[in-house]
Amino acid sequence: MIETSARPRFGAPREPKTTVDPGRGLVAVLDFVTVSHLRASAFLVLVGLLFFLPGFFNIPPIDRDEARFAQATKQMVETGDFIDIRYQDEVRYKKPVGIYWLQATVVETAGKLGLPRAQVRIWLYRVPSLAGAIGAVLMTYWAALAFVGRRGAMIAALMLCSCILLGVEARLAKTDAFLLFTVTAAMGAMARAYLGWQRGDIDPDRSWIVPAVFWTALAGGILLKGPLILMFIALTVIPLAILDRSVAWMWRLRPLLGLPWMLLWVLPWFIAIYLRAGDTFFADSVGGDMLSKIASPMESHGAPPGLYFLLFWATFWPGAPLAAMAAPAVWRARREPGAQYLLAWLIPSWIVFELVITKLPHYVLPLYPAIAIMTAGAIERRVLSRSWLARGSAWWFAIPAIILPLVVIGAVYLTRHPIFLAWPFAAGSLIFGLFAWRLFDDNRAEASLLNGALASLFLVVAVFGVVVPTLRPVFPSVEIARELRKVVCVGPKAAAAGYHEPSLVFMTGTDTLLTDGSGAADFLLGGTCRFAIVESRSERAFASRAEAIGLRYNVAARIDGYNFSQGKPVSIAIFRSEGTQ
């Protein structure tokens, strides 16, 4: 009999093996969820929760900004005064009232639903940031639909959702995640008006949805962070007006009715705070906080121009490599209306932030949706650069390879524990980062990005979900509050000397006295059920004053840790007056 098929060679497999493609299944998921807008939106909410929830509930209050915001909100809830903004006895007029109202609503609702100790659960104060981050992802999808198809919009939204910087802000009880939501909504609405005008639509959309989104988003942004959102709008409109020699498209946003609508939301509180504090709020907020950052570094956060460009490669990871590859094509298309609008959104504001002396990574976050949409457009058109920029795909593997060993080694050094639970997630991040790198070519950019997003998810779980909550020495305020909850006496009062972090006030009570070593000794002499929280550098002054006034005391506990906001180790003793249990 004549054989019709060749025999397998010795040692060869009996059947041909199917080539494993780690990106094929992920692309199939993308195919499935982009069938409809409803399915895409539900998927983005789910992905947002997966990215933002690890560590959300169990990371302690972060000094200093988060704890300050939370404490000011806590005092609003305690006093019932929702007009004035205070941190203990000091006014806190750096930002308007928007984020405090959002946080207070969540905390009061949780308390009325029966959640015990709602006012000191920091995760409740983070809920508006979580909602703002997910809202920003959905608004990026909505804004991107004006420029690209549904699939491209999904890519842009996933790029923003998986970026490291948004993951950080979603876990902090501050203004920036929700501000991103309002800015993206306003810029997406403005994009629809501009592109409709550029296309020459004779009959513009008669729906009030786009103008309503625009003016409501502006009102929300102003209540969150004052005129900053207006800066983004102005710095986008001005270059477009110069290039087109017209701003006629702005009439599509119905300013004659939209402006009164915005003022209806904004003016009541501004009038109320003016009647309460005069022009103090405006002087502190605009002059003392915003304008002073332009000329001088605030809180030691000064840096030269170019810092944001350097930080971008880490903070926008895993989208950063593709953004670099998309840059040449975007620049070639700069005269096209879509690219022109997105570049106007990005470049002027970016230049301003680079020139401002005070620099913090989150300042440029409202510009990231524009970068994500431009990158998604280049992927959709398959015009990513094939030059040396393509070598940047190695960055998908480099970031986890650099960050995760540093984080794990640092955690082991601080806690003296190997934190084994983080290792599988670290390995997963490295594996998917390697897949993203090795898979990349212009035809499979989507697959590489999706693998990069999975690498980001595993990195997020390892760092925020596992490592950071275990770093007990970095959060001494938590240990101090735990010690004070062990006391037998009713209504303990505390004074702190040398360690004045806002997280301590938030965890131990608004009436916590912030003083020096001598003041802590005087406080302890004032009665029973009192505790002096004294950092080692203030102990000599405390002991000297205690001896002078005849104070008898003993040590309730000693906590050794690390004050990361000051960058130095601390040793904190909790003293109690004799007889206090």
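This one's a predicted model, so the numbers in the text were calculated from it and none came from an experiment. Values below: all heavy atoms of this structure, side chains included; hydrogens, waters and symmetry mates excluded.
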Donor-acceptor pair, side chain of D63 and main chain of S503, under 3.5 angstrom: yes
Check against side chain to side chain contact (heavy atoms under 4.5 Å, CB included), F51 and V137: CA-CA 12 Å; F51 270 95; V137 171; over 6 Å; no
Approximate separation, where rounding is to 0.5 Å, of T73 OG1 and I99 CD1: 7.5 Å
Check: F506 ring centroid to Y125 ring centroid under 6.0 Å: yes
Least distance between heavy atoms, G433 atom then A455 atom: N-CB, 3.5 Å
Heavy-atom closest contact (F178 atom, G132 atom, distance): CD1-CA, 3.6 Å
Full working for side chain to side chain contact (heavy atoms under 4.5 Å, CB included) between I85 and Q75: CA-CA 8 Å; I85 306 169; Q75 289 182 217; over 6 Å; no
Straight-line distance of L179 CG to T184 OG1, nearest 0.5 Å: 8.5 Å
Heavy-atom side-chain contact between L384 and F440 under 4.5 Å: yes
Residues S456 and S162: side-chain donor-acceptor under 3.5 angstrom: no
Whether T470 side chain and V467 backbone form a donor-acceptor pair below 3.5 Å: yes
Centroid-centroid distance, Y368 to F316, less than 6.0 Å: yes
F69 and T175: CA distance, side-chain angles, deciding distance, side chain to side chain contact (heavy atoms under 4.5 Å, CB included) verdict: CA-CA 9 Å; F69 276 103; T175 58; 3.8 Å; yes
Main-chain N/O of L224 paired to K95 side chain as donor or acceptor, under 3.5 Å: no
Straight-line distance of L439 CG to F432 CZ, nearest 0.5 Å: 11.0 Å
Heavy-atom neighbours of R540 CZ exceed 12 at 6.0 Å: no
Backbone of G567 reached by a side-chain donor or acceptor of Y562 within 3.5 Å: yes
Donor-acceptor contact below 3.5 Å, side chain Y100 vs main chain K74: no
S429 side-chain N/O to F425 backbone N/O, donor-acceptor pair under 3.5 Å: no
Side-chain heavy-atom pair L311, K359 within 4.5 angstrom cut-off: no
Contact summary for P116 and R121, nearest pair of heavy atoms: O-NE, 2.8 Å
pair T105-T109: side-chain heavy atoms closer than 4.5 Å: yes
Axial cation check for F523 ring with K493, 6.0 Å and 45° limits: no
Side chain to side chain, L367 and F353, heavy atoms closer than 4.5 Å: yes
R472, CZ atom: more than 12 neighbouring heavy atoms under 6.0 Å: no
Carboxylate-amine/guanidinium contact E535 K568, below 4.0 Å: no
side-chain hydrogen bond (donor to acceptor under 3.5 Å, both in side chains) between Y499 and S538, worked out: CA-CA 9 Å; Y499 182 74; S538 300; over 6 Å; no
Side-chain donor/acceptor of H500 to backbone N/O of V505, under 3.5 Å: no
Shortest non-hydrogen contact between A445 and I379, atoms and distance: CB-CG2, 4.3 Å
Close side-chain approach of M507 and F475, heavy atoms under 4.5 Å: no
Flag if over 12 foreign heavy atoms under 6.0 Å of CZ, F309: no
Any L449 side-chain heavy atom under 4.5 Å of L158 side chain: no
Contact check, side chains of L322 and W396, non-hydrogen atoms, under 4.5 Å: yes
Within 45° cone and under 6.0 Å: R126 NZ/CZ vs F57 ring: no
Polar side-chain atom of W317 near backbone of P400 as donor-acceptor pair, under 3.5 Å: no
Pairwise distance CD1(I403) to CD1(I164) - rounded to 0.5 angstrom: 4.5 Å
Whether Y553 and F575 hold their rings parallel, tilted or perpendicular, with breakpoints at 30° and 60°: perpendicular
Over all atoms of both residues, closest heavy-atom pair of V77 and A104: CG2-CB, 3.9 Å
Over 12 foreign heavy atoms within 6.0 Å of CZ, F32: no
Check: T512 main-chain N/O paired with Q88 side-chain donor or acceptor under 3.5 Å: yes
Taking every non-hydrogen atom, the tightest pair across S571 and D560: OG-OD1, 2.7 Å
Derivation and outcome, side chain to side chain contact (heavy atoms under 4.5 Å, CB included), residues F542 and L524: CA-CA 10 Å; F542 174 84; L524 210 58; 3.9 Å; yes
Under the salt bridge (charged side-chain N to carboxylate O under 4.0 Å, His left out) test, residues paired with R171 that sit two or more places apart: none
Min side-chain heavy-atom separation L138-S41 under 4.5 Å: yes
Spacing of L514 atom CG and L504 atom CG [to the nearest 0.5 Å]: 7.0 Å
Pair E169-S129, side-chain donor/acceptor within less than 3.5 Å: no
Any side-chain donor near an acceptor of the partner, S565 and E501, under 3.5 Å: yes
Crowding at CZ, R391 (>12 non-hydrogen neighbours, <6.0 Å): no
D89, CG atom: more than 12 neighbouring heavy atoms under 6.0 Å: no
Check: F420 ring centroid to W423 ring centroid under 6.0 Å: yes
Sidechain-backbone polar pair: W350 side chain, V364 backbone, donor-acceptor under 3.5 Å: no
